[in-house]
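Worksheet: the structure to be examined is printed underneath.
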Amino acid sequence: MTVRTRFAPSPTGYLHIGGVRTALFNWLLAKRHGGQFILRIDDTDQERHVEEAVAKIVDGFKWLDMLWDEGPEVGGPHQPYYQSQRQHLYREAVDKLVAAGKVYRDYSTDAEREADRDAAKKAKRAYRFRRVEHSDADLKRFEEEGRPYALRFQVPPGRTLVLNDLVKGEVSFDTDEIGDFVIVRPGGQPLYNFASAVDDVEMKITHVVRAEEHLSNTFPQLLIHEALGNTPPSFAHVPYVAEPGSHSKMSKRKTEEYEKRGILIFLHQYVERGYLPHALVNYLARLGWSFDDTQELFTRAELIEKFSLDRVNSSPASLDPDKLFWIEGHWMKEAPLAEKVQGAIPFLQAEGLVATPIPDDRRALLEAVILALGDRMKTFSDVVKLGRFFFEDEIRYDPAAVKKRLRKPDVPAMLRELDALLAETEPYDVATLEKAVHDFAEKTGRKMGDVVNPLRVATTGQGVGPGLYDCLFLVGRDRCRARIAGALATLDAEA
RNA sequence: GGCCCCGUCGUCUAGUGGUUAGGACACGUGCCUUUCACGCACGCAACACGGGUUCGACUCCCGUCGGGGUCACCA
């Protein structure tokens, strides 16, 4: 039997990082066994904006390079892959359940149920809906009145359901704890638990890997499968992702607070910051899963080869932005130059630092800059953060760096000497520049740090950056001298 | 509140009755070095608590505490 997994998001808003991890586990499991990963849109409840939301999801998976074998855009043997377009299948299943007497019409009103719920709460009891028996006369009257009804599943009492969850292990649940649940609303709309069970079987899903908040949903679904005479898929419930440094679950409601703390919880935020897709994949794979006691870094192929559900942890894992960043740094270091260039271009363009499309001379400069940046470039956006002075004439001076390196008694005089040095250095290349500056320090009896640091700040505006000689060379003689003059003017004005 | 899941360094984890409880991120110190980053070395740091079971418990059982889920005509 080939393994078939699915990710079934409801099309609302952006892809959450926890959802991405769940999808990744599904994708990895399918790839591991040479099976299929299906993307299904659970839009039973949504009406508008579905296309827009699906586009975000689809774009996200494309960015991650986690392609789906069946689903939106690609189709497949079980299409359509939108629940809103699969009504006939639910209808069929409902008819079967009605014929078998497994469901009944519930004529209760919102107010009645509300009252029962309140009473249960007051009595500190769990609320369970149970069938209310109506007389034949009442039933006849309701029907004649055309009174709306929901279809509820009649839960068999006194049974213990046992689930062998692939992550959680054996979990038992008493059917007395499950109220008769609605499978179809008065309007005819099927509800999630029901539609999902029907689709999983129809799409021949073998493994349902989903968030643990669905664990208790599994038992009603098991009941549905049984009533339909279907063999249920295997289940694996993965723990939630907690906030950094805590065991509290991440909440969509705290998005603003996370934003302030610099915690990124949506996939698009990582895209916008210039993260490497595979770094995120590697990190997320290790969040709640491990292969052995040492390996942290995995290539795509290794992940596929080594992933297994039985090494997924049953306890929650909290997001660690630092560790993600470390993994990001590792993979960026490994990335070929062409990939780095390609990834960096959009960030330069967004800042107006290079034209669209990028001219050849700028591309050549960008390549040189990326080489000079070396390991300092952790994310694609670092090209802008660390190297914007290469791309513009007017530079921004970091006040802290100016204060630390330029506002010193000897500096203006030294800068004038260095300007003269740059003017006559021939040829103007990295090796010659390096020798010239070294000789200068030695000849004038200055420490290298006292020469190099002010020169760096004067010509780049920054206290940190690539090697000084790379900077001097790539910025060019004229622009370096102009910047020194500018810095000197500012310093004089202050004095 | 009922029911269900979960509990090893700050964090991710290894561990399945006998280990100096291992690794990684972060952090600290040092080395390298013109800055930063990389790299290297060393260091700090954990079995939630209380009872059992056992010759012996991080490992098994019970309870407490803590975290999470669920109890929708949401997904």
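Any value given below was found using the heavy atoms of this structure, including those in side chains, with hydrogens, waters and symmetry copies removed. Every chain is numbered from 1, with letters handed out A, B, ... down the list of sequences.
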Practice task
Quick one: label A:Lys121 by what it contacts on the DNA or RNA (base, sugar-phosphate, nothing), any heavy atom closer than 4.0 Å.
Solution key: nothing
Problem - Touch class at under 4.0 angstrom, heavy-atom based, for A:Lys447 against every strand present - result: nothing
Practice task
Assign each of A:Tyr107 and A:Tyr469 to its nearest nucleotide of RNA chain B by heavy atoms, then name whichever residue's nucleotide is nearer the 5' end.
Solution key: A:Tyr469
Problem - Partners meeting side-chain hydrogen bond (donor to acceptor under 3.5 Å, both in side chains) with A:Asn313 (sequence neighbours left out) - result: A:Ser315
Problem - Polar side chain donor-acceptor pair, A:Arg446 to A:Thr444, under 3.5 angstrom - result: yes
Practice task
Select base, sugar-phosphate, or nothing to describe what A:Arg117 touches, counting heavy atoms under 4.0 Å on all strands.
Solution key: sugar-phosphate
Practice task
Let me know the distance between CG of A:Asp118 and P of B:rG1, rounded to the nearest Å.
Solution key: 19 Å
Completion exercise
5'-most contact on RNA chain B (nearest-nucleotide basis), A:Arg405 vs A:Asp110, goes to A:Arg405
Practice task
Compare side-chain N and O positions of A:Lys333 against OP1 and OP2 of B:rG39 and report whether any pair is under 4.0 Å apart.
Solution key: yes
Problem - Closest listed nucleotide, where the reference is the side chain of A:Asn313 and the choices are B:rG1, B:rA14, B:rA24 - result: B:rA14
Handout entry: Sugar-phosphate, base or nothing in reach of A:Asp320, heavy atoms under 4.0 Å
Key = base
Exercise for the section: Take nucleotides 61-69 of chain B nucleotide by nucleotide from the 5' end and write B, S or -, depending on whether a protein heavy atom sits under 4.0 Å from the base, only from the sugar-phosphate, or from neither. Expected result: ------SSS
Practice task
Return the value, rounded to whole Å, for the distance between atom CZ of A:Phe129 and atom P of B:rC71.
Solution key: 15 Å
Exercise for the section: Look at A:Arg311 and B:rC12 and indicate whether a side-chain polar atom (N or O) is within less than 4.0 Å of OP1 or OP2. Expected result: no
Practice task
Check whether any side-chain N or O of A:Ser318 sits under 4.0 Å from OP1 or OP2 of B:rC12, and answer yes or no.
Solution key: yes
Exercise for the section: Mind checking A:Leu468 for me? I need base, sugar-phosphate or nothing, with any heavy atom below 4.0 Å counting as a touch. Expected result: base
